Amino acid sequence: MRGDEEVPAGWPARLPAPLLFRGCARGALLSWAPHRAVAVVKQMRAARTRAAVLRAAAVEIDRDGYAGTSLVRICAAAGISLGALTFHFPAKAILADELQDRGSAMTRAAVTRVLALPASPLRLARALLLAVARLLEAETEVRAAARLTRERPREAADWTAAWLPELHRLLEQAGAEGQLSRSVDPEAVTVLTAHLVTGVDAHLRLRAHTGPDPEPGAGAPRDVVGQLAEVWDIVLYGASATGPPRPERGDQE
């Protein structure tokens, strides 16, 4: 019965719509539900496969670099076939791009949390640096993104762009507010910080893939983030009580 037809004599004037179409709706639901369930299962399986590929690729690239990592090794580490991998990532470059994007996104999120803290620019710069170091220590995908940025410049998202410009901005703001010595160039401090983070990244990568105690009797691993905090404080406040040395004749030549 169409909706524009009159109700036959003897029918209830206000027959509920579910009763009119119950049989039709039930049949449609029964035919639709299995297909929907299968689609959901496939989506979940695809998401798990994609996540497994990214985790395995992050470990392999973090350890051996972009050139030293093959799709076959990633498949073996993830426990999937090459066909399953290439379904999600047709080429190694596409997989590397995704890792750089993910590592950069994780870092930007951490930077955003730091910038929301109620602190002076100099303290925020310190907190930002240590947040980046903690990410490198805890997240293999972030270390992979950092390594890929060095090995594939201008190919995908630059991981340092997720945090270094904000650090530079904070240092410039600190200088403008008189928190830095007039002789300190924020650009030079930014460059030094980038080198410090590169060293921390390399140290954490070595520790992650060779173990915390590679030499007998070496003792417990040192707190890398704590060491970086100490070095940063030395950079900011100096280690000399007498000021910088006067330039000698040989330094000017």
Side-chain angles (χ1 to χ4, degrees), residues 47-71 73-74 77-78 85 88-89 92-117 124-170 190-212 221-232:
R48 287 196 299 268
T49 300
R50 187 181 182 88
V53 170
L54 287 169
R55 285 194 301 269
V59 172
E60 296 294 323
I61 291 174
D62 178 46
R63 183 182 60 226
D64 297 319
Y66 181 72
T69 298
S70 67
L71 293 182
R73 284 177 49 188
I74 294 173
L85 186 150
H88 294 280
F89 303 101
K92 186 171 74 168
I94 297 175
L95 176 55
D97 290 348
E98 177 71 12
L99 277 175
Q100 285 184 248
D101 288 340
R102 287 171 66 89
S104 296
M106 295 168 68
T107 306
R108 282 193 299 270
V111 169
T112 299
R113 290 192 294 270
V114 169
L115 295 179
L117 298 174
L124 286 177
R126 185 180 190 272
L128 190 154
L129 172 64
L130 298 184
V132 170
R134 291 189 187 97
L135 270 180
L136 288 170
E137 183 176 39
E139 303 292 345
T140 308
E141 290 182 359
V142 175
R143 288 200 306 274
R147 181 162 189 168
L148 286 169
T149 292
R150 291 193 299 273
E151 297 182 359
R152 303 171 70 235
R154 298 178 297 277
E155 290 293 330
D158 184 345
W159 175 73
T160 61
W163 63 275
L164 199 58
E166 287 295 342
L167 180 72
H168 184 237
R169 183 184 63 80
L170 289 171
T190 304
V191 172
L192 176 59
T193 304
H195 291 313
L196 288 175
V197 171
T198 299
V200 167
D201 176 32
H203 181 80
L204 290 171
R205 178 172 296 107
L206 179 65
R207 194 174 75 178
H209 296 288
T210 62
R222 300 190 65 182
D223 178 13
V224 177
V225 177
Q227 285 182 292
L228 180 61
E230 294 176 4
V231 173
W232 174 256

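Note that the structure is a prediction, hence the values are computed from the model and not measured.
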CG of Asp158 to CG of Leu164, rounded to nearest 0.5 Å, is 8.5 Å
For a 4.5 angstrom cut-off between non-hydrogen side-chain atoms, does His88 reach Val53?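 Not touching, per the 4.5 Å side-chain cut-off.
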Report yes or no: does Arg147 contribute a side-chain atom to a donor-acceptor pair with the main-chain N or O of Tyr66 at less than 3.5 Å? no
Close side-chain approach of Trp163 and Val197, heavy atoms under 4.5 Å: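 A side-chain contact under 4.5 Å exists here.
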Counting only N and O atoms by type, is there a donor-acceptor contact under 3.5 Å from the side chain of Glu141 to the main-chain atoms of Ala58?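 Answer holds: no.
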I'd like to check Val224 versus Arg207 (side-chain heavy atoms, cut-off strictly below 4.5 Å). Are they in contact? yes
Any idea which heavy atoms bring Val59 and His209 closest together, and the distance? O-CE1, 3.7 Å
Closest approach of Ala77 to Glu60 (non-hydrogen atoms, all atoms of both residues):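 Minimum heavy-atom contact is CB-OE2, 3.8 Å.
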Side-chain donor or acceptor of Ser104 paired with backbone N/O of Ala162 under 3.5 Å: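 No, Ser104 side chain to Ala162 backbone: no donor-acceptor pair under 3.5 Å.
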Ignoring hydrogens, what is the shortest heavy-atom contact between Leu95 and Ala57? Give both atom names and the distance.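 Answer, listing the atom of Leu95 first, then Ala57: CD2-CB, 3.6 Å.
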Mind listing the closest non-hydrogen atom pair of Ala78 and Ala52 along with its distance?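 Here Ala78 and Ala52 meet closest at CB-O, 3.9 Å.
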Between CZ on residue Arg152 and CD1 on residue Ile61, distance to nearest 0.5 Å: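 Interatomic distance, Arg152 CZ to Ile61 CD1, rounded to 0.5 Å: 8.0 Å.
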Rounded to the nearest 0.5 Å, how far does OG1 of Thr193 lie from NE2 of His168? 10.0 Å
Of the options Val114, Leu135, Leu228, which is the one that meets Leu130 in a side chain to side chain contact (heavy atoms under 4.5 Å, CB included)?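 Only one of Val114, Leu135, Leu228 forms a side chain to side chain contact (heavy atoms under 4.5 Å, CB included) with Leu130, namely Leu228.
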Find the distance between CD (Gln100) and CD (Glu98) and round it off to the nearest 0.5 Å. 11.0 Å
What is the minimum heavy-atom distance between Ala161 and Pro165, and which atoms define it? O-CD, 3.6 Å
Option from Leu148, Asp201, Leu99, Thr149 for which side chain to side chain contact (heavy atoms under 4.5 Å, CB included) with Trp159 holds: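 When side chain to side chain contact (heavy atoms under 4.5 Å, CB included) is applied between Trp159 and each of Leu148, Asp201, Leu99, Thr149, only Thr149 qualifies.
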Gap separating the CD atom of Glu166 from the OG1 atom of Thr107, nearest 0.5 angstrom: 13.0 Å
Pairwise side-chain contact, Leu54 with Phe89, heavy-atom cut-off 4.5 Å (strictly under): yes
Is it true that Glu137 and Arg134 have a side-chain N and a carboxylate O under 4.0 angstrom from each other? no
So, taking the atom named OG1 in Thr69 and the one named CG in Asp62, what distance separates them when rounded to the nearest 0.5 Å? 9.5 Å
Considering non-hydrogen atoms only, spot the tightest contact between Leu196 and Val231 and give its length. CD2-CG1, 3.7 Å
